[in-house]
Amino acid sequence: SSISSNTIYINTTTVNSISGTVSTTNGSIYISGINTKFNIANTRGTLTLGASIAVNGQVRILNSIISNTNISVSSAFTANSSGETLVIVT
């Protein structure tokens, strides 16, 4: 991992990811998923509240699991993204 210009780059081959794809909106704390199973991942201990997650290179802390397709994070995203992989950093 390295830090450059406030962007954290992560080697995604060494961390876990969630199935499906996710989207973020600039200024929003919500992540929307397609074919994701956030509740199931939580039940299995794969995705837990307080975990560090990354979408499109932006790392955030998981605050709540709203449904299998919606979660919220600690601070707003600074870019729009779609069709991204959600990576579990911790």
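The figures here come from the full heavy-atom set of this structure, side chains too, leaving out hydrogens, waters and symmetry mates.
Between Ser72 and Leu62, the shortest heavy-atom distance links the atoms O-CD1, 3.5 Å. Pairing each heavy atom of Ile29 with each of Ser75, the nearest pair is CG2-C, 3.7 Å.
Distance check, rounded to the nearest 0.5 Å: OG of Ser67 to NZ of Lys37 gives 12.0 Å. In this structure, CD1 in Ile34 is found 5.5 Å from OG in Ser23, a value given to the nearest 0.5 Å. Here Ser64 contributes atom OG and Leu49 contributes atom CG; the two are 7.5 Å apart, rounded to the nearest 0.5 Å.
For the pair Ile61/Val73, no side-chain contact is recorded, criterion being any heavy-atom separation below 4.5 Å from C-beta on. The closest side-chain heavy-atom distance from Ile40 to Asn68 is below 4.5 Å. Taking 4.5 Å as the limit, every side-chain heavy atom of Glu84 sits out of range of all side-chain heavy atoms of Thr24. Between Val55 and Ser81 the shortest side-chain heavy-atom distance falls below 4.5 Å.
None of Asn35, Leu86, Ile53 except one satisfies the side chain to side chain contact (heavy atoms under 4.5 Å, CB included) rule with Ile18; the exception is Leu86.
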Applying side-chain contact (heavy atoms from CB on, under 4.5 Å) to Ile31 and Ile71, what does each step give before you reach the verdict? CA-CA 5 Å; Ile31 298 174; Ile71 57 178; 3.7 Å; yes
Under the side-chain contact (heavy atoms from CB on, under 4.5 Å) rule, what do Thr46 and Ile88 come out as? Steps first, then yes or no, please. CA-CA 8 Å; Thr46 305; Ile88 304 166; 3.8 Å; yes
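Hydrophobic clustering, with ILVMFWY side chains joined whenever heavy atoms are under 4.5 angstrom apart, groups Ile66 together with Phe38.
A donor-acceptor pair shorter than 3.5 Å cannot be found between the side chains of Thr85 and Ser17. Looking at Ser52 and Arg60, their side chains never bring a donor and an acceptor atom within 3.5 Å of each other.
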